[in-house]
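The block underneath contains the structure these notes are about, expressed in structure tokens.
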Amino acid sequence: MNKVILMGRLTRDPEVRYTQGEQAMAVARYTLAVDRRGKNQENSADFIQCVAFGKAGEFAERYLHKGTKIVMTGRIQTGSYTNKEGQRVYTTDVVAEDQEFAESKNTEGGGTYSNQPAPAPQQNDGGFMSVDEDSELPFT
């Protein structure tokens, strides 16, 4: 079984290209910084090359940016090519199958964020919040 689950932050905006031909497909490449766990590995991370094809690539292009924390699932794919100097180069990428946000936009620093506490509900004499007895409950 080839299944990868990662949670980390993008180190830069995804680099997106489109394939040529009648049905152009998005190919988004990005690096995910994934924290290491362990007592002796404080403040260390692995930088994992990821690639997303098609709709997943379009999602990455539209919504993922440097610093975005995501959870992604996918598979490891290896390959090789010959560079301009004639040397064989081996590659390892995680091919994204699913990408989800790992925190809200407000926590990332985007949007508006207020560190003011929410106002406390008003209480009646019994220590309970007052409820209009004629209104319907929001659940059944």
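Every salt bridge (charged side-chain N to carboxylate O under 4.0 Å, His left out) that D46 has, sequence neighbours left out, goes to R36. In this structure T11 satisfies the side chain to side chain contact (heavy atoms under 4.5 Å, CB included) test together with T31, A33, F47, sequence neighbours excluded. Partners of D35 under the side chain to side chain contact (heavy atoms under 4.5 Å, CB included) rule, at least two apart in sequence or in another chain, are A45.
Clustering ILVMFWY residues whenever any of their side-chain heavy atoms sit less than 4.5 angstrom apart, transitively, puts V34 in the very cluster that holds Y30. Transitive grouping of hydrophobic side chains (ILVMFWY, heavy atoms separated by less than 4.5 Å) brings I76 and L6 into a common cluster. Cluster membership for F101 and L32, using ILVMFWY side-chain heavy atoms within less than 4.5 angstrom, is shared.
Ion pairing between a basic and an acidic side chain is recognised when a charged N comes within 4.0 Å of a carboxylate O; E100 and K69 show no such pairing.
The two residues D13 and K66 make their nearest non-hydrogen contact at OD1-N, 2.7 Å. Of all non-hydrogen atoms in A24 and T19, the two that sit nearest each other are CB-O, 3.2 Å. Summarising the geometry of A60 relative to Q99, their closest heavy-atom pair is CB-OE1, 4.0 Å, with the distance given to 0.1 Å.
Distance OG1/T73 to CG/D98: 4.5 Å, rounded to 0.5 Å. Rounded to the nearest 0.5 Å, atoms OH (Y90) and OG1 (T78) are 10.5 Å apart. Note: R62 CZ to K55 NZ = 8.5 Å, rounded to the nearest 0.5 Å.
For E58 and Y63, the side-chain atoms include no donor-acceptor pair closer than 3.5 Å.
Clustering of Ile, Leu, Val, Met, Phe, Trp and Tyr side chains at separations under 4.5 Å places Y18 together with V16. Apart from V95 itself, the hydrophobic cluster it occupies contains M25, V27, V51, F53, where clustering links Ile, Leu, Val, Met, Phe, Trp and Tyr at side-chain heavy-atom distances under 4.5 Å. V89 belongs to a hydrophobic cluster whose other members, connected by ILVMFWY side-chain contacts under 4.5 Å either directly or through intermediates, are Y81.
At least one side-chain heavy atom of M72 sits less than 4.5 Å from a side-chain heavy atom of C50. Counting heavy atoms from C-beta on, the side chains of E103 and R9 come closer than 4.5 Å.
Pairs engaging residues 75-95 under the salt bridge (charged side-chain N to carboxylate O under 4.0 Å, His left out) rule: R29-D93, R75-E97 [sequence neighbours left out].
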